[in-house]
Every structure is written in C-alpha cells, then in structure tokens.
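Single-structure report; data block below.
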Amino acid sequence: MISIEKINDFKWLIPRMEGMRVPGIIYISEKLLNKAVSEKAPEQIINVSKLPGIVKYSLAMPDVHWGYGAPIGGVGAFDAESGVIAPGFVGYDLNCGVRLIRSNLTADDVKNKLEDLINLLFTNIPCGVGSTGALKLKRKDLEKVTAEGAEWAVKNGFGTAGDLENTEENGRIKEADPDAVGNRAYERGTSQLGTLGSGNHFIEIQRVADIYDKTAADSFGIFPGQITVMVHSGSRGLGYQVCGDYLDRFGRVAADYGIKLSDRQLACAPVSSKEGRRYFRAMNAAANYAFANRQIMTHLIRETFSSVFGVPYEKMQMSLVYDVTHNICKIEKHTVDGREKTLYVHRKGATRAFPKGHPQLPERYRSTGQPVIIPGTMGTSSYILVGTEKAMEETWGSTCHGAGRMMSRHQAVKEGRNRSIAGELAGRGILAKGVSGKGLAEEMPEAYKDIDEVIEIVEGAGLSGKIARMVPLAVIKG
DNA sequence: ATGTCC
C-alpha cells in the first residue's frame with residue numbers, strides 16, 4: 001500500500017520513503033485519484049524518484065497512468081552534472097505531439113462538406129500501423145529531415161515560415177545528430193514521413209464551442225463557431241526504433257556507471273556520459289522527424305480542404321496556432337531554491353506550458369503565454385490552454401497532455417465487443433473513420449478519463465489557464 | 001505507441 005497524502009484539493013504527496021531521493025507529487029482530484037489511478041502509476045512515480053540526480057520531486061499530471069517504465073503524465077528534472085537521462089521516461093513515440101490549425105471557416109461552412117473532407121483526408125493521409133506515405137526518401141534526405149525537422153519540410157514546399165514560428169523549438173531541435181540514429185530506424189522511417197500512424201493518433205475537424213479568455217483567444221486567432229483541425233502524431237517507426245535501440249544499450253551500460261535499476265524498463269545513463277549524450281542527440285533527431293511529419297500532414301490537410309472547397313487554402317487562412325511536443329527530454333533553465341539551474345526536463349505525456357514573458361516563446365505569444373494544445377477523446381472536448389508562472393514554479397513549466405487512459409487497450413476492446421463505436425459516435429453527430437473497428441474500440445471515449453475533470457484540475461492547481469474549448473465534428477483514426 | 005514476436 002502506497003501512502004498518498006492530500007496537500008490540497010488538486011495536489012497530493014507521496015512522502016519520501018526508503019530509496020526515494022525526492023518525494024512524489026500528483027496533481028489530481030480526490031475523485032479521479034480514487035476512480036482512475038491504479039496502484040501501478042504511483043509505483044512508477046516512486047521508481048522515477050529513485051533515479052540519480054532527480055531534482056526536487058517526481059511529478060505526475062492528472063492524466064497520469066501506467067506506462068512503459070515510467071508513468072505517462074510524468075515529469076521529472078535532472079541535474080546537468082549528476083543526473084541521468086532515461087528513454088523509458090520519454091516514451092517510445094519520441095516527440096509525439098499535437099498541433100492545432102485554425103481557419104476562417106465556420107461550422108456552417110463545413111456542414112455539408114464534412115463527409116467529403118473526412119473521406120479525402122483518409123485518402124490523402126496514410127494511416128494505420130505500418131502505413132507508408134507518398135514520400136519515399138533516400139537515406140541522405142532522411143538525414144536532412146532528422147537534422148532539420150519541420151524546416152526541411154517547409155524548405156521542400158510543405159508549409160510556410162509562419163508554421164515554423166508557431167512550433168516548439170521552431171520545428172527544429174539544434175542538438176540533433178543524424179549519425180546517432182541507427183540503420184534500422186532509418187529503414188523504418190524511409191516511407192513513413194507524412195503518415196498518421198495508429199493507436200491514439202488522429203486528425204480531427206473541430207468546432208470552437210467556448211471561449212474563456214477573449215483577449216488570449218483573439219491573439220491565438222480563435223473565435224466561437226470556428227473550424228479548427230487538430231493533428232496528433234509522432235515519429236512513427238523511426239522514433240520507436242531509436243527508443244528501443246538506446247533502451248537496450250542503457251540496460252547494458254547502466255551498471256558500469258554504478259546505477260542500480262529498480263526496473264529494467266527505466267534503464268538510464270548519466271546525461272554527461274558518452275551513451276547519455278548520444279541518446280540525447282538521437283532523441284532530438286527523431287523529434288525533428290516528428291516535427292517534419294506533422295508539418296507535412298499539415299500541408300496535406302490544407303490541400304485537402306482546398307480541393308473540397310475549390311479555393312486556395314490561403315483564402316481559408318489555415319494557419320498554425322501552435323505545435324507542442326508531449327514526449328521529450330529538454331535542456332531548460334529553471335529556478336531551484338532561488339538559483340538558476342540547467343536541467344534535463346523529462347516530459348512523458350506532459351506538455352510544456354511556459355508563461356508570458358518567457359524568452360523561448362514566439363514574439364506573438366510573449367504577452368499571453370504559450371498556447372497549450374490538449375486533445376480529449378473522439379467523443380469529447382479538446383482545449384486550448386495557456387502556460388502560467390505557477391507551472392514554472394511548481395512543475396518545471398509543465399501541464400497535462402490529454403485525458404489519459406483509464407482502461408487498458410485490451411480491456412477497451414473487450415468492452416467494445418458487439419458494439420459499433422463509429423455508429424455510437426455518429427448517433428452523437430460525430431463522423432469517425434478508422435482503419436479498424438478494433439482500433440476505434442481501443443480509443444472509445446469511456447476508455448479515457450473525463451477531459452473536463454482533467455482540465456479543471458490543471459486550472460485549479462494553477463498550472464494552466466483555459467482559453468477555449470473545441471468539440472469534435474469528424475475524425476480519422478489510424 | 002509499434003513492420004502489435006528477430
């Protein structure tokens with residue numbers, strides 16, 4: 001039995017016990033804690049707290065759930081000298097992330113076009129496990145993609161300079177090394193650029209249903225009744241392979257650095273070690289691939305809208321609001337006990353949420369704070385939030401990343417037997433097109449926590465502010 | 001999440 005003590009309505013403490021270097025903190029409500037968090041997630045929060053060089057606390061967001069090695073919804077910062085880096089605390093889908101594309105279309109404009117849009121998106125953007133895209137790149141070009149990220153995509157005609165401006169890291173992480181990515185990863189990545197993938201990855205056409213902060217919404221280009229398009233995808237087989245390769249490697253070398261692993265899935269190496277630095281550069285290379293992937297899909301989405309409406313997409317003002325990554329480790333400066341420190345911040349199923357004034361934000365968001373894009377499920381709302389100063393102080397500038405699973409995929413498939421999830425969604429006015437019925441069942445809304453409750457918690461805890469809520473109209477699923 | 005088992 002793990003003891004979890006209430007700090008306040010939205011914040012809970014796992015006190016430091018034998019072997020823990022720092023305490024655990026879970027941002028959650030009593031209701032969600034009892035209903036949606038199994039014992040396995042707190043065990044992983046504790047395992048993370050035992051890693052060398054972890055600073056202050058092992059954190060979990062309200063969408064926390066059990067994952068490979070470390071919890072999804074977990075955040076932890078590590079000292080730049082004594083800390084470690086752990087692939088299992090970044091996730092297999094390196095730079096899995098979300099972007100939101102705005103438009104000047106209203107729900108009325110798309111009412112009679114939704115079916116065409118969703119069918120053509122499904123045709124134009126390959127999805128599903130192992131799906132391959134229209135682009136087949138030579139190894140040399142692929143290396144440019146891992147070095148240059150979304151910048152490569154824009155350079156090759158898939159998007160605009162404005163897209164880069166509105167992407168975390170401008171869509172290109174500088175400290176990336178194409179040579180740190182293995183052959184097998186490149187083989188898998190060759191034909192997958194511009195593909196959606198499977199699982200919880202999706203492209204969704206949404207309607208803006210609520211505005212909570214008009215000033216911020218205005219500066220984000222968001223208005224009531226507006227059509228937005230949300231993309232959730234990552235680095236596909238390339239990132240998966242990078243994660244796997246370095247997990248193997250770290251599993252073998254951790255002992256050489258005197259690290260005793262409490263869970264092999266949480267294999268790690270010192271950030272300052274040869275292996276640690278190499279993983280960091282490979283991870284960033286895979287992250288760049290993911291930025292390019294979402295960028296190329298953005299272009300395909302714009303073309304799809306153009307062809308359905310018969311007007312150039314520029315006329316529909318389909319610009320990028322923001323692109324966030326929620327599976328990554330970043331070098332960031334944070335204040336620790338009154339002093340500025342350089343930290344390796346791991347976010348696994350957690351979103352950066354920097355406050356207004358932060359120097360890393362694009363000029364246009366300097367006075368509002370960073371847009372935080374949070375998807376719900378196929379059947380529920382999604383949100384635009386904004387980063388806060390309190391997140392900077394308490395969670396290394398982090399917030400939740402989505403609703404967070406409540407049921408295992410296996411359990412969801414079982415629940416979905418003799419049901420048509422697409423049919424049920426259609427009954428609620430949501431057009432869902434998936435590669436497989438099983439895939440849709442795995443992603444049924446009931447398999448997830450209530451996104452509205454999750455958002456209430458991050459807002460109540462002061463980790464982000466609500467800007468707008470979108471509802472799903474139509475979605476494609478891998 | 002994932003060429004859902006090299």
Side-chain angles (χ1 to χ4, degrees), chain A residues 41 44 63-74 86-98 126-133 135-137 142 181-203 231-249 251 265-266 282-283 286-287 289-291 293-294 297 324-329 346-351 375 377-378 401-414 416 434-444 447-448 476-478:
Chain A
Q44 291 188 318
D63 45 342
V64 65
H65 60 101
W66 179 86
Y68 183 94
I72 292 153
F89 196 17
V90 171
Y92 266 95
D93 192 3
L94 292 169
N95 187 6
C96 185
V98 203
C127 35
V129 181
S131 52
T132 52
L135 271 87
K136 182 144 171 72
L137 296 189
L142 212 47
V181 174
N183 288 330
R184 198 113 143 255
Y186 278 118
E187 279 163 27
R188 294 179 70 170
T190 305
S191 52
Q192 292 190 328
L193 206 55
T195 67
L196 184 63
S198 66
N200 60 11
H201 289 169
F202 66 82
I203 295 172
V231 182
H232 180 213
S233 186
S235 52
R236 311 285 288 105
L238 184 141
Y240 183 95
Q241 191 68 42
V242 166
C243 179
D245 288 348
Y246 283 87
L247 271 170
D248 281 356
R249 182 98 190 95
Q265 296 187 351
L266 205 44
M283 177 201 69
Y289 182 93
F291 281 134
N293 191 34
R294 291 196 290 273
M297 284 190 277
V324 296
T325 159
H326 54 224
N327 278 8
I328 201 149
C329 172
H346 292 62
R347 296 189 182 91
K348 181 187 186 184
T351 315
T377 73
M378 294 185 286
H401 85 308
R405 288 202 83 86
M406 198 155 67
M407 270 181 218
S408 70
R409 293 189 177 279
H410 181 78
Q411 193 188 344
V413 171
K414 225 169 87 181
V435 167
S436 72
K438 181 168 164 272
L440 284 176
E442 286 180 351
E443 294 299 317
M444 65 167 86
Y448 285 83
I476 65 170
K477 274 278 189 185

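In what follows, every chain begins at residue 1, and chains take the letters A, B, ... in the order their sequences are listed.
Residues forming a ring pair (Phe, Tyr, Trp, His ring centres under 6.0 Å) with A/F202 (at least two apart in sequence, or on another chain): A/H232.
Counting non-hydrogen atoms under 4.0 angstrom, A/R405 reaches nothing in the nucleic acid. Nucleic acid contact for A/Q192: sugar-phosphate only, since backbone atoms but no base atoms lie under 4.0 Å from a heavy atom of the residue.
Among A/K438, A/K414, A/E443, the one residue that satisfies the side chain to side chain contact (heavy atoms under 4.5 Å, CB included) test with A/R409 is A/E443.
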Per-nucleotide pairing state of DNA chain B [Watson-Crick or G-U, under 3.5 Å; [ ] pseudoknot-crossing; | other strand]: ......
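Separating the CD atom of A/E443 from the C1' atom of B/dT4 is a distance of 14 Å, rounded to the nearest angstrom. When rounded to the nearest whole Å, the span between CD of A/E187 and C1' of B/dT2 equals 16 Å. Look at CG on A/N327: it is 11 Å from P on B/dT2, rounded to the nearest Å. The separation between A/R409 atom CZ and B/dT2 atom P is 9 Å, rounded to whole Å. Between the CG atom of A/D93 and the C1' atom of B/dT4 there is a distance of 14 Å, given to the nearest Å. When rounded to the nearest whole Å, the span between OH of A/Y68 and C1' of B/dT2 equals 12 Å. Look at CG on A/N183: it is 16 Å from C1' on B/dC6, rounded to the nearest Å. Remark: P of B/dT2 and OH of A/Y246 are 20 Å apart, rounded to the nearest angstrom.
In this structure, the side chain of A/S233 does not engage the main chain of A/H201 through any donor-acceptor pair within 3.5 Å. Listed for the A/S235 side chain is a donor-acceptor partner under 3.5 Å among the backbone atoms of A/L94. In this structure, the side chain of A/Y289 engages the main chain of A/G189 through a donor-acceptor pair within 3.5 Å. Under the 3.5 Å distance criterion, the side-chain polar atoms of A/Q265 are matched with a main-chain donor or acceptor of A/G69. Here the side chain of A/S436 pairs a donor or acceptor atom with the backbone of A/G439 at under 3.5 angstrom.
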Worked verdict on A/N183 versus A/E187 for side-chain hydrogen bond (donor to acceptor under 3.5 Å, both in side chains): CA-CA 6 Å; A/N183 288 330; A/E187 279 163 27; 6.0 Å; no
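Of the residues in residues 236-245 of chain A, A/R236, A/G237, A/Y240 come within less than 4.0 Å of DNA chain B through at least one heavy atom, sorted by number.
Aromatic ring orientation, A/H401 versus A/H326: perpendicular (interplanar angle above 60°, classes split at 30° and 60°).
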